[in-house]
Amino acid sequence: MTFYEEREGGLETHEALRVAQDTSEAGIDFISLIKGSHGTPSPRASSIWSA
């Protein structure tokens, strides 16, 4: 799940927290989070997409 996409119109932190809360209440006990998207100029985001 992308926690914060860092782009206009993308998922904001408060929205991601709400999704995580709803998911947890539904019985899921593990969520894998990343910050950014394939367009984010971040070495960490780039390494995720090039793996």
Side-chain angles (χ1 to χ4, degrees):
M1 174 179 161
T2 301
F3 184 68
Y4 172 54
E5 294 179 327
E6 295 186 26
R7 63 182 175 163
E8 187 176 336
L11 193 65
E12 297 287 333
T13 300
H14 69 279
E15 294 167 317
L17 288 172
R18 181 59 196 200
V19 171
Q21 181 179 1
D22 290 348
T23 302
S24 177
E25 290 173 359
I28 302 299
D29 59 2
F30 179 85
I31 302 171
S32 179
L33 300 172
I34 62 168
K35 179 180 178 187
S37 68
H38 67 277
T40 303
S42 165
R44 192 170 282 241
S46 297
S47 67
I48 293 168
W49 286 100
S50 63

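Fair warning: this is a prediction, and the values are worked out from it, not measured in the lab. What's counted below: heavy atoms across the whole structure, side chains too, no hydrogens, waters or symmetry copies.
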Asks: Using modelled atom types and a 3.5 Å cut-off, is there a donor and acceptor pairing between side-chain atoms of Thr23 and backbone atoms of Val19?
Replies: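 Yes, because the side chain of Thr23 sits within donor-acceptor range (under 3.5 Å) of the backbone of Val19.
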
Asks: Which pairs count as salt bridge (charged side-chain N to carboxylate O under 4.0 Å, His left out) when at least one residue sits in residues 8-23, sequence neighbours excluded?
Replies: Arg18-Asp22

Asks: Using residues 25-34 as the side-chain source, report each donor-acceptor pair under 3.5 Å to any protein atom, sequence neighbours left out, with the distance given to one decimal.
Replies:
| residue | atom | partner | partner atom | Å |
| --- | --- | --- | --- | --- |
| Glu25 | OE2 | Gln21 | NE2 | 3.1 |

